[in-house]
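Below: one structure, written as C-alpha cells.
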2 protein chains.
Amino acid sequence: MKKLVETSTEEKIMEAAKEVFMKYGLYGARMQDIANTAGINKALLHYYFRNKEKLFDKVFEGALQKYFQQMDVFSDSSLPIKERVFKYVDNILLFLSEYPQMSIFIIKEFSINPELFREKVQAVKRDKAVRLIQALEEEMAAGKIKKIDPVLFLFKHALKAQGKDWNKDFSQEKLNLSVKKFVEFSLGK
Amino acid sequence: MKKLVETSTEEKIMEAAKEVFMKYGLYGARMQDIANTAGINKALLHYYFRNKEKLFDKVFEGALQKYFQQMDVFSDSSLPIKERVFKYVDNILLFLSEYPQMSIFIIKEFSINPELFREKVQAVKRDKAVRLIQALEEEMAAGKIKKIDPVLFLFKHALKAQGKDWNKDFSQEKLNLSVKKFVEFSLGK
DNA sequence: TTTGTGTTTAACTATATGGTTAAACCATTA
DNA sequence: TAATGGTTTAACCATATAGTTAAACACAAA
C-alpha cells in the first residue's frame, strides 16, 4: 500500500531531522546530513517539507508539544494545587531525564534567537502556561498558597522537589542560570 | 605603540569568537559573523588564527583552562579531603553560574564529537583530573572516606552540596543525564 | 497493457562560506 | 625622506550548501 510507505518515509525524515537538529541546532544542521541519516535522497526532504526552516519548525513543534502537554495537569482542578505542582515538577524532571538533548537544545535555541523562538512557541503553548499561572493566582487569592510571583513560586517548588531549599542552600548568584532561564521561558516570561 | 593595537585586535577576535562559538557551536558558527562581531575584516581572522578550527581550539582551550584550573584545589594537601571536595564543588557551581553558556556549550560539543573532544581536552587537563582521582583514592585507602568509585563519589557530593540526597530524593533514572555526563567528562571517564 | 498519480532520484543552479592574495595602510627607523 | 615590516582591507577563488527540475520509478485503476 502506498500510504504506508508515505508515512514511513516522512517518519524517517522526522526522526533523522530531530536527531540532527538536536545535535547541531538550526544553523549547524546540514540538510545532506539529515538525508544521509534518514537514508534517503536530499531532494526528498524538500518534497516532504519544502525547506529547512519548515522542517525545523515541524521537529520543533513536536518537541514543544510534548513539553507543554505536561502543563495540562493544572487543568485537573480536582487535585489540590500543591499536588498539581508536585506532579507537574515531577513530570518535568522525568521529561528532562528522558530527553537530555532536548532541554539543552531548547535552552540553546532560546539563547540564539529569543524573539523568533517565543513567536514559534506561542502556537504550541497556546493558553497552557496562562492557565497554569491563573490556577496559581487563584489559589493565592484564596489564601491557599503564599502571594508571590508565580514564576518564582514554580521555580522555588522545582528546587524543593529536588531537595534544595531556596533560602538556605541557594543564593541568587549561585543558581544555574540555564535552569532559571528555562523555567522562565516555559511560562513565557 | 604597535604592540597595544596588536593585542587589542587579537583580544577583540577572541572575545567575538568566544561569543559566537558558544552560541552556535563549531559547525553553526560563521567566520563572517565572528568578524562582524569583532568589527574587523574577515581576512584578519585568518591572519591571526590561520583557520576556523585553530581559532576554535584557542577559544576552547581558554574555556577549558578556566574549568580545569579549579581542580588544583586537590593539590593543596594541607586541607582535609572533605574540605577540598567542598571547595571544589563550590567553585564548579560558581563557575557554572558565571558561565551558563559555557556549561551547555561543553556538553553540546562533547555530545557532537566525544572522541575529538576528549583528545582536545587532554592537552589542557593534563594530570589534573588524575591527581584529583588519586587524592580521593588515597583517602579511601586510608579509610577517611568510604570506598566507592571516585566519579560516583564526586557526583554524590556535588548533589549533596546542592542539598540533594542521592538515596532519598534521587533515583538513577530521574537524574538529569547532562549533569552526570558533564561530571563524567570532567574526570575523563 | 496503458494511463495516471504519487514517490524518488540524479543532475543541476544560485548563493553562502571558508580561505587566499595582492595591494594599501601606517608607524617606526635608517 | 625612503625603506622596512607588521597590520588591515577589498577582491577574489574553490567548495559546500540549500534549493530546483526533469526524468525515472512504482503501483493502482482503467
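Numbers restart at 1 for each chain; the letters A, B, ... are given by sequence-line order, proteins then strands.
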On a heavy-atom basis, which atom in [X] and which in [Y] lie closest, and how many Å separate them?
{"X": "A:Phe21", "Y": "A:Phe105", "answer": "O-CE1, 3.3 Å"}
{"X": "B:Lys52", "Y": "B:Leu26", "answer": "NZ-O, 2.9 Å"}
{"X": "A:Ala35", "Y": "A:Asn41", "answer": "CB-C, 4.1 Å"}

_Check this one for me: any side-chain N or O of A:Thr9 less than 4.0 Å away from OP1 or OP2 of C:dT7?_
no

*Quick one: is B:Tyr48 getting a side-chain N or O under 4.0 Å of the D:dT8 phosphate, OP1 or OP2?*
yes

Would you mind reading off the distance between [X] atom [atom1] and [N] atom [atom2], rounded to a whole angstrom?
{"X": "A:Leu44", "N": "D:dG19", "atom1": "CG", "atom2": "P", "answer": "15 Å"}
{"X": "B:Tyr47", "N": "C:dA22", "atom1": "OH", "atom2": "C1'", "answer": "15 Å"}
{"X": "A:Asn41", "N": "D:dA18", "atom1": "CG", "atom2": "C1'", "answer": "13 Å"}
{"X": "A:Ile40", "N": "D:dC25", "atom1": "CD1", "atom2": "P", "answer": "19 Å"}

*Yes or no on side chain to side chain contact (heavy atoms under 4.5 Å, CB included) for B:Tyr48 and B:Leu55, after CA distance, side-chain angles and deciding distance?*
CA-CA 9 Å; B:Tyr48 280 99; B:Leu55 175 55; over 6 Å; no

*In this structure, which one of A:Glu15, A:Lys18, A:Glu19 forms a side chain to side chain contact (heavy atoms under 4.5 Å, CB included) with A:Val59?*
A:Lys18

*Is a salt bridge present between B:Arg84 and B:Glu139, judged by a nitrogen-to-oxygen distance below 4.0 Å?*
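Salt bridge present between B:Arg84 and B:Glu139.
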
Please enumerate all protein N or O atoms sitting under 3.5 Å from an N or O of nucleotides 13-15 of chain C, with distances to 0.1 Å.
none

_Pairwise ring pair (Phe, Tyr, Trp, His ring centres under 6.0 Å) hits with a residue in residues 27-47 of chain B, at least two apart_ =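 Pairs touching residues 27-47 of chain B that pass the test: A:Tyr24-B:Tyr27.
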
*Say whether A:Asn113 and A:Glu109, considering side chains only, have a donor N or O and an acceptor N or O under 3.5 Å apart.*
no

With 3.5 Å as the limit, what N/O pairs link the protein to nucleotides 17-19 of chain C?
unit_1, atom_1, unit_2, atom_2, d
C:dT17, OP1, B:Arg30, NH1, 2.9
C:dG18, OP1, B:Ala29, O, 3.4
C:dG18, OP1, B:Met31, N, 3.4
C:dG18, OP1, B:Lys52, NZ, 3.4
C:dG18, OP2, B:Met31, N, 2.9
C:dG18, N7, B:Lys42, NZ, 3.0
C:dG19, OP2, B:Lys52, N, 2.8
C:dG19, N7, B:Lys42, NZ, 3.0
C:dG19, O6, B:Lys42, NZ, 2.7

